[in-house]
Asker: 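One structure follows; several queries about it will come next.
Quick caveat: nothing in here was measured; it's all calculated off a predicted structure. Order of the sequence lines sets the chain letters (A, B, ...), proteins ahead of strands, with each chain counted from 1.
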Protein chains: 2
Amino acid sequence: MNVRSSAKKSLGRASLPPSLRAEGNRRRILEAALRLFAAQGFHGSSMRELAAVAELQPSALYVHFPSKEQLLAELVRAGHEAHHDALRTALLEAGSDPAAQLTALVRVHVRMHASYPELAIVVNSEMAALSEELAAPGMALRRQAAALLRDVVDRGTAMGKFFPPDAYAAAAAIAAMGLRVPYWYSAETGMSIERLAEVHVELALRMLGAVRA
Amino acid sequence: MNVRSSAKKSLGRASLPPSLRAEGNRRRILEAALRLFAAQGFHGSSMRELAAVAELQPSALYVHFPSKEQLLAELVRAGHEAHHDALRTALLEAGSDPAAQLTALVRVHVRMHASYPELAIVVNSEMAALSEELAAPGMALRRQAAALLRDVVDRGTAMGKFFPPDAYAAAAAIAAMGLRVPYWYSAETGMSIERLAEVHVELALRMLGAVRA
DNA sequence: GTCTATACTATGATAGAC
DNA sequence: GTCTATCATAGTATAGAC
């Protein structure tokens with residue numbers, strides 16, 4: 001038997017996005033779930049552990065969420081919505097220049113992943129634990145977010161401003177850089193989130209052969 | 001309750017690296033575990049499911065592996081070793097030019113992740129399920145692999161051949177591109193693995209401001 | 001080395017008092 | 001809305017026959 005309980009990871013803080021309105025114990029439960037799911041995975045975390053972290057009895061969880069899966073679904077939904085809203089807003093404010101649009105998308109993409117690392121990890125790693133029905137809204141937002149980036153890359157390429165070796169792969173690679181940020185970046189390295197975002201913007205523009213707007 | 005059994009994912013093939021010597025039912029079990037762990041995660045897959053996929057009774061699994069965790073550890077070990085060996089060999093054959101070294105590393109990094117996507121997913125996503133002792137060898141190889149890349153980037157930068165906005169972040173971003181490949185790339189898109197690797201080489205060289213060797 | 005059968009524990013979720 | 005107590009099931013792993 002695995003004696004995971006004796007090798008408990010330090011869980012640290014875990015912050016929910018501002019868009020997620022939740023108070024009192026409902027919020028405590030969501031934060032506890034975020035910490036646990038990010039550190040141990042959905043299937044690797046039990047409702048008993050969750051209750052312990054939230055300082056409640058297991059049965060009290062079910063007053064706020066009908067099931068463990070619905071709890072995960074709420075986190076995943078909030079994460080996808082916060083991410084997609086941030087991307088869409090950034091793009092709207094970026095004007096019509098492809099390089100400015102790409103800059104805006106990469107900046108906010110990286111910023112979100114560095115600011116809410118646990119949420120990003122849960123959203124990206126634990127979606128397979130959701131039923132198709134519960135995963136569908138998140139999957140849709142994910143496809144839309146990917147399309148936002150691909151459209152910017154495609155448009156810039158068509159306009160003769162970007163020169164990617166392959167537009168699809170380049171878009172995937174740009175997204176990938178940001179997606180991995182929560183797994184390695186720590187503010188304690190001395191690099192600020194804003195600087196991290198600017199570095200990624202520069203890398204992305206270089207990948208596309210663009211010049212800074 | 002989740003009715004996952006009624007929404008079973010199609011699991012597809014799952015190939016072990018050539019370096020992993022295993023035959024007969026031991027191999028079948030490893031392949032079944034690779035498929036299941038990649039699709040549902042370690043904690044999301046039961047020994048009963050595993051036995052069913054391997055077409056054995058659950059008790060037969062324990063003749064070949066002492067525990068579920070040891071089974072995962074074997075996959076994770078094989079994956080890390082294959083990856084690290086490939087990187088090291090590629091670097092040895094690349095000569096002394098930083099751009100050539102980077103090209104070799106990125107090429108093999110991407111090739112491995114595209115050729116063994118399930119293994120890459122398990123290695124990257126399920127290591128938290130291992131005890132510290134069982135995870136340690138893999139973590140060590142991972143650190144060494146990251147150091148190989150960072151050293152090439154640092155040396156090329158010191159030699160005035162690379163011009164990254166930030167060497168550490170650039171190395172992390174280059175690694176990240178490859179790590180995400182298993183999650184989006186499919187040979188059915190029409191792009192070959194070799195072409196995918198070359199595209200990533202080009203992207204990485206651009207990120208560093210280098211010229212092709 | 002594989003099978004049938006089963007032990008023991010952990011898990012998600014519920015009942016009912018307060 | 002939280003608690004104590006508990007149910008029903010699924011989980012890892014083992015025993016013993018062949």
Asker: Assess whether salt bridge (charged side-chain N to carboxylate O under 4.0 Å, His left out) is satisfied between B:Glu31 and B:Arg27, documenting all intermediate values.
Answerer: CA-CA 6 Å; B:Glu31 286 174 344; B:Arg27 183 175 197 89; 3.4 Å; yes

Asker: Using atom CD of B:Glu49 as one end and atom P of D:dT12 as the other, report the distance to the nearest whole Å.
Answerer: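 Going from CD in B:Glu49 over to P in D:dT12 covers 9 Å.
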
Asker: Would you mind reading off the distance between B:Leu50 atom CG and D:dA13 atom C1', rounded to a whole angstrom?
Answerer: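 Rounded to the whole Å, the gap is 14 Å.
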
Asker: Distance check needed: D:dT14 P versus B:Lys68 NZ, whole Å only.
Answerer: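 After rounding, the gap between these two atoms is 15 Å.
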
Asker: Tell me whether the side-chain N or O atoms of B:Ser67 pair up with the base of D:dT12 as donor and acceptor below 3.5 Å, since no angle test is needed here.
Answerer: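 By the distance-only test, no, there is no pair.
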
Asker: Any side-chain N or O of A:His64 below 4.0 angstrom from OP1/OP2 of D:dT2?
Answerer: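 Yes, within the criterion.
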
Asker: From CD of B:Glu69 over to P of D:dG11, roughly how many Å is that when rounded to an integer?
Answerer: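 It is 18 Å, rounded to the nearest whole Å.
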
Asker: Between A:Arg180 (side chain) and B:Ala176 (backbone), is there a donor-acceptor pair under 3.5 Å?
Answerer: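 Looks like no, no N/O pair under 3.5 Å.
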
Asker: Students often get this wrong, so: under 4.0 angstrom with heavy atoms, is B:Leu56 touching a base, only sugar-phosphate, or nothing?
Answerer: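 Sugar-phosphate contact only.
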
Asker: Using the rule salt bridge (Lys or Arg N to Asp or Glu O under 4.0 Å), only one of B:Glu194, B:Glu93, B:Glu198, B:Glu202 pairs with B:Arg107; which is it?
Answerer: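 Per the salt bridge (Lys or Arg N to Asp or Glu O under 4.0 Å) rule, the option paired with B:Arg107 is B:Glu198, out of B:Glu194, B:Glu93, B:Glu198, B:Glu202.
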
Asker: Ignoring hydrogens and angles, answer whether the base of D:dT12 and the side-chain atoms of B:Ser46 contain a donor-acceptor pair closer than 3.5 Å.
Answerer: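 Counting by modelled atom types and ignoring angles, no donor-acceptor contact under 3.5 Å is found here.
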
Asker: Could you state the CD-P distance from B:Gln57 to C:dA5, rounded to the nearest angstrom?
Answerer: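 Answer to the nearest Å: 10 Å.
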
Asker: Can we say B:Glu55 and B:Arg28 salt-bridge, meaning some charged N sits less than 4.0 Å from an Asp/Glu carboxylate O?
Answerer: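 Counted as a salt bridge, because a side-chain N and a carboxylate O are separated by less than 4.0 Å.
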
Asker: To the nearest Å, give me how far apart CZ (B:Arg28) and C1' (C:dG1) are.
Answerer: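 Atom-to-atom, B:Arg28 to C:dG1, this comes out as 14 Å.
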
Asker: Once you round it to whole Å, what is the distance between P of C:dG12 and CG of A:Leu36?
Answerer: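 The answer, rounded to whole Å, is 11 Å.
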
Asker: Compare the minimum distances between each of C:dG1, C:dA7, C:dA13 and the side chain of B:Arg48, then state the nucleotide with the smallest one.
Answerer: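 The answer is C:dA7.
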
Asker: Rounded to the nearest Å, what distance is computed from the CD atom of residue B:Gln70 to the P atom of nucleotide D:dT14?
Answerer: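 After rounding, the reported distance stands at 12 Å.
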
Asker: Just compare C:dA15, D:dT2, C:dA13 and give me whichever is closest to any side-chain atom of A:Ala60.
Answerer: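 Among the listed nucleotides, the one closest to the side chain of A:Ala60 is D:dT2.
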
Asker: Charged N to carboxylate O under 4.0 angstrom, B:Arg26 versus B:Glu74?
Answerer: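 Salt bridge flag = yes for B:Glu74 with B:Arg26.
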
Asker: Taking for each residue the nucleotide of DNA chain C with the nearest heavy atom, is it B:Ser59 or A:Tyr62 whose nucleotide lies nearer the 5' end?
Answerer: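 Closer to the 5' end of DNA chain C: B:Ser59.
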
